[in-house]
Amino acid sequence: MTRVFSGIQPTGDIHLGNYLGALRQWIPLQQEADAFYAIVDLHALTVPKAPGEVLDATTRLAQWLFAIGLDPQACTVFAQSALSEHNELAWLLECTVSFGELRRMGQFKDKSDRAEFISGGLFTYPALQAADILLYDTDQVPVGEDQRQHLELTRTIAERFNSRHGETFVVPETVLPIAGARVMDLQHPDSKMSKSADTDAGTIMMSDQPAIIAKKFKRAVTDSENSVRFDQINKPGVSNLLGILGAVTERDPETIADDYEQYGPLKVDAADAVIAMLEPLQARYNDIAADPAECRRLLAIGAEKARTVAAVTLERARSNVGLLPR
Ligand code: AMP
Ligand code: TRP
C-alpha cells in the first residue's frame, strides 16, 4: 500500500484556505493509502512563541483534524515532538545537506526577510522536514505548491545519504501537489487567505459563526464592473467567490458564473454554502473540544503507532552511518 505522509504546523487556528486547499485532501487518502499525519510542533518553534502557545495550538489543531474527519482507526495522527526520532534523524540529515542548499530555500529567504529574530532552526528547518518524511518510508507527500522546493530537497538529501551510506531511505516521489483550491483573502483578493493577514475581515476561520461568515462575505472586495465572470487576473475578488463556491459545491467556477448577474446573490450563496459545509464540522469540533483528555489519548496512540515505523528507519540510518549500536 502506498505510504503517505504530511504535516501541518500548529500556528494559530486553521482557516478556510487551510481546509479547502490542503486538509480536505487528507481525508480520502486515509482509505486509499497508509497515511501518517503529523502536527509539526517542533517546526512551529522556528519562530519565537509565547509560553503555552504551541501546546494550545497543537491541541486545537488535533481537535480540528478529528472534527473534519480524520479517523484515528484509519490513519495515524500524532504530534511530531512526541517522538525523539524526528530530532535524531534531523541531525544526521543536517550533516547531509549543504549550507548552500539550505540558503537557497525560498521559504527561508521569505521568512528571514520579515523576521526580527532569525533562528538557526529557521535555517535548518528543511532538514527536520526531510526527517519527518524519510522516517516513514514515504512514497507520497500531499502538500501545497509552496512546499515543492522542500520536497525536492528531501529527495536530494535521501539520494545523497543513500549513495554515501548505502540504501537507507525510500526516495519520495515528487507527486504533483494534490490540487486544492487556492483561497484568497476576501479583503485583499490578490493575496492568499492567511492567518497572518493585517485584519481578520478577509479570513474565514473554521470556527466562525454563521452571522460572522455572512458579514465577511457581504463585505468581500469585488470590483466596479458589475459582471460575473471567472477571470482571476482582472477580477480576483469575484473569481475568489466563484472559486470558493465551486470548491465547496464541487462545481466548476466558470459554469457557476453563468448563474449570476450580480455580485450580491453570489456573495449570499457563497456564504450560505460555506456556512452549511462548516456547521456539521463545528458541531463535531465542539463535541471533541469538550473532552481534551480523549484527544491527548488519541494523539498518544498515534505517536506509538508512528514510533513502530520511525524507530526502525532511524536505527537503519544510525547503523549505516556507522554510529555505536545502542
Ligand atoms: P500554513 O498555515 O500556511 O502553513 O498552511 C498549511 C497548509 O494549508 C499548507 O499545505 C498550505 O499550502 C495550505 N494553505 C494555506 N493557506 C492557503 C490558502 N489561502 N489557500 C489554499 N491553501 C492554503
Ligand atoms: N513545511 C510545511 C509547511 O510549512 C510543514 C511540514 C513540516 C511538512 N514537515 C512536513 C509538510 C513534512 C509535509 C511533510 O506547510
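Note that the coordinates shown come from a computational prediction; the quantities given were computed from them, not determined experimentally. Atoms within each ligand, like the ligands themselves, are counted from 1 in listed order.
Aromatic ring centres of Y136 and F78: separated by under 6.0 Å. Ring pair Y125/F108: centre-to-centre distance not below 6.0 Å.
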Pairs under 3.5 Å, N/O atoms on ligand 2 and on the protein: can you put them in a table with the distances?
residue: ligand 2; atom: 1 (N); partner: Y125; partner atom: OH; Å: 2.7
residue: ligand 2; atom: 1 (N); partner: Q129; partner atom: OE1; Å: 3.0
residue: ligand 2; atom: 1 (N); partner: Q147; partner atom: OE1; Å: 3.0
residue: ligand 2; atom: 4 (O); partner: Y125; partner atom: OH; Å: 3.2
residue: ligand 2; atom: 4 (O); partner: Q147; partner atom: NE2; Å: 3.3
residue: ligand 2; atom: 9 (N); partner: D132; partner atom: OD2; Å: 2.7

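Residue L23 does not touch ligand 1, judged by heavy-atom distances below 4.0 Å. Of all the heavy atoms of N18, the ones lying under 4.0 Å from any atom of ligand 1 are found in both the backbone and the side chain. Of all the heavy atoms of K195, the ones lying under 4.0 Å from any atom of ligand 1 belong exclusively to the side chain.
Aromatic ring pairs are classed by plane angle as parallel below 30°, tilted from 30° to 60° and perpendicular above 60°; the pair W64 and Y285 is parallel.
Contact annotation: the side chain of H188 approaches that of D198 to within less than 4.5 Å [non-hydrogen atoms, C-beta and beyond]. Inter-residue side-chain proximity for L278 and I213 is flagged as met; some heavy-atom pair is nearer than 4.5 Å.
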Inset, instruction - For the pair F123 and F99, evaluate ring pair (Phe, Tyr, Trp, His ring centres under 6.0 Å) and give the outcome as yes or no after the intermediate values. - result: CA-CA 9 Å; F123 188 64; F99 181 81; 5.2 Å; yes

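Using a non-hydrogen distance threshold of 4.0 Å, E145 does not register as a contact of ligand 1.
In this comparison of V143, V183, N240, the heavy atom closest to atom 18 (C) of ligand 1 sits on V183.
Distance check, rounded to the nearest 0.5 Å: CE of M193 to CG of N240 gives 6.5 Å.
Atoms of ligand 1 lying under 4.0 Å from at least one heavy atom of A22, given by number and element, are 7 (C), 8 (O), 10 (O), 13 (C). Which parts of ligand 1 touch G144 is read off a 4.0 Å heavy-atom cut-off, strictly below it: atoms 10 (O), 12 (O).
Looking at Q80 and H43, their side chains do bring a donor and an acceptor atom within 3.5 Å of each other.
Judged by distance alone, with hydrogens and angles left aside, the side-chain atoms of K111 form no donor-acceptor pair with the main-chain N or O of I118 at under 3.5 Å.
The distance criterion of under 3.5 Å between nitrogen or oxygen atoms is not met by G21 with respect to ligand 1. Some N or O of G17 is nearer than 3.5 Å to an N or O of ligand 1, by distance alone.
A salt bridge between R3 and D139 is absent, with no side-chain N of the basic residue lying under 4.0 Å from a carboxylate O of the acidic one.
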